[in-house]
*Asks:* 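Here it is, the structure, as structure tokens.
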Amino acid sequence: MDLDDNPRNLVQALTNGDPEKISTSRFSSLLASKDRDYLLSSTTQDDQQVKISDLEGKAIGLYFSANWYPPCRNFNEVLIGVYEQLKSNGSNFEIVFVSSDEDLSAFNSYRESMPWLSIPFSDLETKKALNRKFEVEGIPYLIILQPDGSTLHDGVELIYRYGIEAFPFTEEKLEELRREERIKHESQTLTNLLTNPGRDYLLDQTMARKVPVDSLIGKTVGLYFSAQWCFPCAKFTPKLISIYHKIKRSLEGKGGGEDFEIVFVSNDRDQSSFDSYYGTMPWLALPSGDPIIRTLAKYFDVQGIPCLIIIDPDGKTVTKQGRNLINLYQENAYPFTCAKLELLEKEMEEEAKRLPRSNYHAGHRHELTLVSEGNGGGPFICCDCDEQGSGWAYQCLGCGYEVHPRCMRAVDPATAASVQHT
């Protein structure tokens, strides 16, 4: 049998039987074709070529990406920064772009921003073989091939999480970083999270008063990563404002000194956007552009916004899923602890027992069936409010339409049948 007919057989042949090992002496087998032994350099001119043999002895990142996909473009900016730092440090590292672009123009446009090497757009067979061999199911995807033959498949997560510190991308280095991370989390306090040597305060809503970070000690605090340009943020922020006020009023009624606060961690691109967006919020904020913002995003591994991290009164992380918990339980999610969530899940189970097993919804023409994680449900995006949900849902078994039980607007079958969209 031709080894090329079975990617796993080819990998095993290249690695002496270990599919997780790829020797750098075999890069030509991985990256070349029968009539090409080179890669394109960072210029768009085809005559600027680099011999594949020049990669021997280096750690190589195979970067599967495409110009048309926004998450790829977002990650590309981060990867460029890490790559250029590594090259300026003299690190023995190279990246090879494996394109999923739809035409040569898009490929060339995307590659103009890339300071690394590329497989020619025309070599479709090599690109397909690499996608099959490494079982690439989504992009962006970054595989690290080491000089010793070892392979790491989670390069995107490593770059987002650790940046340049992840180099040389060995298991030993990553274990060292994880150990340091565990120590940091164990000794975490609000003060070391939110201050730097030149700033020990936060801004209040007027931006005229400086609020000491230490004044938050003993409170439950939400770190709200968000930006004005982000459409999901624009939808979630008004909901969070409403929930924030409800939690504050509830705590005032109880007494006892318990309190809740939110700190805006801005991803806005300029001061004007920050000022405009923060002007809608009733809570505290880190100053726009503060270097702590990037540090916090890496520390909490924030890969998308809006994101709400909950810190307990002792300064320790309660959950990174504050946004989802707000969507599921509204103000009842407070204080977001495991004990409270277990109680809410039990209450939801009891409530579900009283819900109709099926119903018609005003926004959909087909009958919806009540499902849970145990009988066909699971994490979903509500088609009514566009926010994430989990656990119980009303689902169209035919087309997958799902809504939160609280978003269900029951109508009779005749009314539902008149709905034009599905």
Side-chain angles (χ1 to χ4, degrees), residues 66 68-72 74 100 102 135-141 226 230-243 246 302-308 319-334 336 338 340-422:
W68 51 264
Y69 192 44
C72 288
N74 293 339
S100 296
E102 298 172 337
E135 299 179 346
V136 177
E137 297 181 351
I139 54 175
Y141 195 67
S226 187
C230 167
F231 179 71
C233 296
K235 293 195 67 176
F236 181 69
T237 297
K239 177 184 292 186
L240 183 59
I241 291 171
S242 174
I243 298 302
K246 289 178 180 178
V302 176
Q303 296 188 23
I305 55 175
C307 176
L308 183 65
T319 180
K320 299 179 183 180
Q321 303 300 320
R323 175 194 176 192
N324 294 340
L325 297 176
I326 289 289
N327 286 330
L328 277 173
Y329 302 117
Q330 316 291 305
E331 65 273 15
N332 295 324
Y334 178 86
F336 308 92
C338 291
K340 183 59 182 287
L341 298 182
E342 287 176 7
L343 176 62
L344 291 171
E345 286 171 4
K346 289 179 182 178
E347 291 176 352
M348 183 179 283
E349 292 290 328
E350 291 301 314
E351 181 182 348
K353 293 177 183 178
R354 299 189 292 271
L355 293 174
R357 298 299 96 182
S358 63
N359 219 328
Y360 287 88
H361 176 60
H364 192 69
R365 66 188 308 168
H366 302 144
E367 185 179 29
L368 304 184
T369 300
L370 185 66
V371 297
S372 69
E373 291 189 32
N375 68 349
F380 65 96
I381 300 297
C382 177
C383 296
D384 192 81
C385 71
D386 292 326
E387 289 290 353
Q388 188 168 342
S390 61
W392 293 93
Y394 277 102
Q395 181 187 84
C396 178
L397 301 181
C399 66
Y401 184 97
E402 287 185 275
V403 296
H404 296 118
R406 69 171 183 274
C407 292
M408 188 71 180
R409 290 175 283 123
V411 296
D412 60 72
T415 301
S418 67
V419 176
Q420 295 300 310
H421 58 284
T422 59

*Asks:* Does a donor on one side chain and an acceptor on the other come within less than 3.5 Å for Glu367 and Ser358?
*Replies:*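 Note: Glu367 and Ser358 side chains meet the donor-acceptor criterion.
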*Asks:* Check side chain to side chain donor-acceptor pair (under 3.5 Å) between Lys320 and all other residues, then give those that pass, not counting sequence neighbours.
*Replies:*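 With neighbours one apart ignored, the set is empty.
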*Asks:* Who are the side chain to side chain donor-acceptor pair (under 3.5 Å) partners of Lys235, not counting sequence neighbours?
*Replies:*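 Result, side chain to side chain donor-acceptor pair (under 3.5 Å) vs Lys235: Asp386.
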*Asks:* Looking at residues at least two apart in the chain, or sitting in another chain, which of them share a ring pair (Phe, Tyr, Trp, His ring centres under 6.0 Å) with His361?
*Replies:*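 So His361 forms no ring pair (Phe, Tyr, Trp, His ring centres under 6.0 Å) with any residue.
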*Asks:* According to salt bridge (charged side-chain N to carboxylate O under 4.0 Å, His left out), who are the partners of Arg406, at least two apart in sequence or on a separate chain?
*Replies:*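 Arg406: no salt bridge (charged side-chain N to carboxylate O under 4.0 Å, His left out) contacts found.
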*Asks:* Under the rule for side-chain contact (heavy atoms from CB on, under 4.5 Å), what residues qualify as partners of Glu102, not counting sequence neighbours?
*Replies:*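 Checked Glu102 against side-chain contact (heavy atoms from CB on, under 4.5 Å); matches are Trp68.
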*Asks:* Residues in side chain to side chain donor-acceptor pair (under 3.5 Å) with Gln330, at least two apart?
*Replies:*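 Partners of Gln330 by the side chain to side chain donor-acceptor pair (under 3.5 Å) criterion come out as none, since no residue qualifies.
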*Asks:* Using every non-hydrogen atom in the two residues, find where Cys385 and Cys382 come nearest and quote the distance to one decimal.
*Replies:*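 Residues Cys385 and Cys382, closest heavy atoms: N-SG, 3.5 Å.
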*Asks:* For Lys340 and Asn332, test the side chains for any donor-to-acceptor distance below 3.5 angstrom and give the result as yes or no.
*Replies:*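 No, no side-chain donor-acceptor contact under 3.5 Å.
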*Asks:* Not counting sequence neighbours, which residues clear side-chain contact (heavy atoms from CB on, under 4.5 Å) with Ser242? List them please.
*Replies:*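 Partners of Ser242 by the side-chain contact (heavy atoms from CB on, under 4.5 Å) criterion, ordered by chain and then number, come out as Lys246.
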*Asks:* Please name all residues satisfying side-chain contact (heavy atoms from CB on, under 4.5 Å) with Ala333, sequence neighbours left out, ordered by chain then number.
*Replies:*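 Residues passing side-chain contact (heavy atoms from CB on, under 4.5 Å) with Ala333: Leu325, Tyr329, Phe336.
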*Asks:* Looking at Leu355 and Arg357, what are the two nearest heavy atoms and their distance?
*Replies:*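 In this case the closest contact between Leu355 and Arg357 is O-NH2, 3.0 Å.
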*Asks:* Using side chain to side chain donor-acceptor pair (under 3.5 Å) as the criterion, list what pairs up with Thr237, not counting sequence neighbours.
*Replies:*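 Checked Thr237 against side chain to side chain donor-acceptor pair (under 3.5 Å); matches are Tyr224, Tyr277.
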*Asks:* Ile305: what forms a side-chain contact (heavy atoms from CB on, under 4.5 Å) with it, not counting sequence neighbours?
*Replies:*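 Here the qualifying residues are Phe225, Ala227, Trp229, Cys230, Cys233, Asn267, Val302.
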